[in-house]
2 protein chains.
Amino acid sequence: MTDHEPIQPIDGFWSVIPAGGAGTRLWPLSRRASPKFLHDLTGSGRTLLQGTWDRLAPISEGGVLVVTGALHADAVREQLPEVDPQDVVAEPSPRDSMPAIGLAAAIIERRDPDAVIGSFAADHVIDQVDEFHAAVREAAAVARTGRIVTLGITPSEPSTAFGYIHEGAALRVADAPRARAVREFVEKPNATTAAQYIASGGYWWNAGMFVAKASALLDALAAYHPELAATLRAIAADPSRLEEDWDGLTGIAIDHAVAEPAARDGLVAVIPASFTWDDVGDFASLGALLERGGGRSALTVLGDAADVIGVDSTGIVAARGGRVVAVVGLEDVVVVDTPDALLVVSRARAQEVKAVVDRLKAGGRTELT
Amino acid sequence: MTDHEPIQPIDGFWSVIPAGGAGTRLWPLSRRASPKFLHDLTGSGRTLLQGTWDRLAPISEGGVLVVTGALHADAVREQLPEVDPQDVVAEPSPRDSMPAIGLAAAIIERRDPDAVIGSFAADHVIDQVDEFHAAVREAAAVARTGRIVTLGITPSEPSTAFGYIHEGAALRVADAPRARAVREFVEKPNATTAAQYIASGGYWWNAGMFVAKASALLDALAAYHPELAATLRAIAADPSRLEEDWDGLTGIAIDHAVAEPAARDGLVAVIPASFTWDDVGDFASLGALLERGGGRSALTVLGDAADVIGVDSTGIVAARGGRVVAVVGLEDVVVVDTPDALLVVSRARAQEVKAVVDRLKAGGRTELT
């Protein structure tokens, strides 16, 4: 975040931070009991959740709401002392992103019927915060016209790990020069299709960032899933209903519940943005993140570099076990040392860490997962 | 050791176990403070030292003496309750193998002037104990003729890690049908020379196993290093002199001090033996040792296999840190987990572990070395 000019809050703008997901592919750093958003994975001194709040607070004139699992509500409140404990909403059980974001929208709608909300996951890393703020500012301007707006991430490669946003015609909206209609959201493509997207242009990574008037989002939800919208608004009106009504809700992602059908109905816009974004999906992407600027010459260390001795090795070492870690003669290795579990994986196989967690669960070692 | 026939002790035979050496290449399992001979590296339930005693006690009619560093004397006495604490001789400082073995010889010579002693390192692994006993029995028979006798290990490969014994003519000694003269001891050869040794035959690995009359060994030492022999005999006569006289002794290996010159003088014999022998020099050889019978299909575990999760990986895991160790997608990797230090090395580079220890010392982390 730059110091040279003060950041103007966006009038009537509220941020929603859905803080969920175990980040299984980052085991053993990330566990169900302490998922990745609670960790400082970049060595910045702030956890991913705190980094997300740092990014959003300056532009959120209305405020910031966090929706997280009951298991993590206390940890979230501890990490975000600036947030009113009441604004850390605890889901009784996981119901995917639509109920989480929809409940936040319904709560905010009651506080400010004209509120524009932006929803941003708690476990993503974003550089060029100025550009992020500029994109959100444009998205908010478009949202005030009643549209549901998403931010499109400029693809750095033909990734098959993300869904894509296929842009439509340019929109004429004041203060939103980059705004375009969304033709459709497309699922994670195969390599060939992804390459075609990059070659043809007009396709953006879908990072699940949505900006809309709280009322517009809930009205759209009411059109496609009336009961879900009604229940969420009812809970917002009478929080005592949360416990009893929540578990009956359908678990559904905001993309399927609202974004995709609304796009078909021509109600969705995209702001193509150029900030760098990373969802820190596995140790390979964490490594790439840590290496930006650091270079690939040797071992990239997360933790105290004094605890790591690398001899003719490259890769990533997370030294979180409070012990010396020595790596000799290995290329592109990932070593993650924690007090109760140790992972050694080749960088190319980082995605398969999930298999270890499955084995631990199958073996009844759930305390480690 | 077989149960089917009782093992006959060898009359007047004493065993000497030099227990020294840090086993740096087995770091972090082996440390200066707890060298490899104090560890159960094979999962047998007995440490290498205890395994050595188990092998020697049944044939040592005279007894077993252990010579070790002052730092380890108590640990050795704890591991060998069967040995009279006085028979665990503590060296005030390391002076290589000749002073250690020579002092033991001088002590034994005073107890039994006709004693035949055999010296066998504390940190070697030997299978086929029957064959080992048979070879020592033949060596003792030859030793009684006044010769210094060594056991020749049948090379399993043209190793460049060991010195070789070049055999001479067959000897005619009762009860020692395999005895041959030793033409010379040759230093660790290069690969080409080693291959020639194997091709030509008549070359045996030198495992530093010596059998001789205590008096013959000391008399030979007196011929080549008079002062050293005299000092050792004087210390044996008056143990109170150990502290003051020891530090002045020249550090020298028994090979250079006695075996090589005595071979030149035609005083050394060899018993070519066929038992399998391993000096557990590094994690690669430890792995090979553990895999005998186990096969190479997956991870070989030293420790509790329940703590190790291997996914599509091969190599060796020493799980001694009391935590789960997961290895994913790595071939021929060595993972050694201990409470205060973790090592990850490719099997092919196992020899380079020493570099880590050097780095730790240079960094002032000697408590870990």
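Residue numbers begin at 1 in each chain, while the letters A, B, ... track the order of the sequences.
Residue A:Val335 touches chain B through its side chain alone, counting heavy-atom pairs closer than 4.5 Å. Proximity to chain B (any heavy atom under 4.5 Å) is restricted, for A:Leu330, to the side chain, taken from C-beta onward. Only the side chain of A:Val333 comes within contact range of chain B, with at least one heavy atom under 4.5 Å from a heavy atom of that chain. Using a 4.5 Å cut-off between heavy atoms, A:Asp340 contacts chain B through its backbone alone, with no side-chain atom that close. Residue A:Ala350 does not touch chain B at all, counting heavy-atom pairs closer than 4.5 Å.
Here A:Glu352 does not pair with A:Lys354 in a salt bridge; the nearest charged N to carboxylate O distance is not below 4.0 Å. Taking a cutoff of 4.0 Å between a charged side-chain nitrogen and a carboxylate oxygen, A:Glu331 and B:Arg349 do not qualify as a salt bridge. The pair A:Asp304-A:Arg320 fails the salt-bridge criterion, with no side-chain N (NZ, NE, NH1 or NH2) lying under 4.0 Å from an Asp/Glu carboxylate O.
Considering only heavy atoms from C-beta on, A:Tyr164 comes within 4.5 Å of A:Trp205 through its side chain.
Ranked by heavy-atom pairs under 4.5 Å with chain A, the first of B:Leu368, B:Val311, B:Asp312 is B:Asp312. The candidate from A:Asp307, A:Val356, A:Val317, A:Val353 with the greatest count of non-hydrogen atom pairs under 4.5 Å with chain B is A:Val356. Annotation: maximal heavy-atom pairing with chain B below 4.5 Å, among A:Gly321, A:Pro339, A:Gly363, A:Pro28, occurs at A:Pro339. No other option in A:Val325, A:Val328, A:Ile309 has as many heavy-atom pairs under 4.5 Å with chain B as A:Val328.
Residues A:Phe162 and A:Trp277 bring their aromatic ring centres within 6.0 Å.
Shown here is B:Glu78, whose CD atom has no more than 12 heavy atoms of other residues, nucleotides or ligands within 6.0 Å. For A:Lys188, the NZ atom counts as loosely surrounded, since its 6.0 Å shell holds 12 or fewer non-hydrogen atoms of other residues, nucleotides or ligands.
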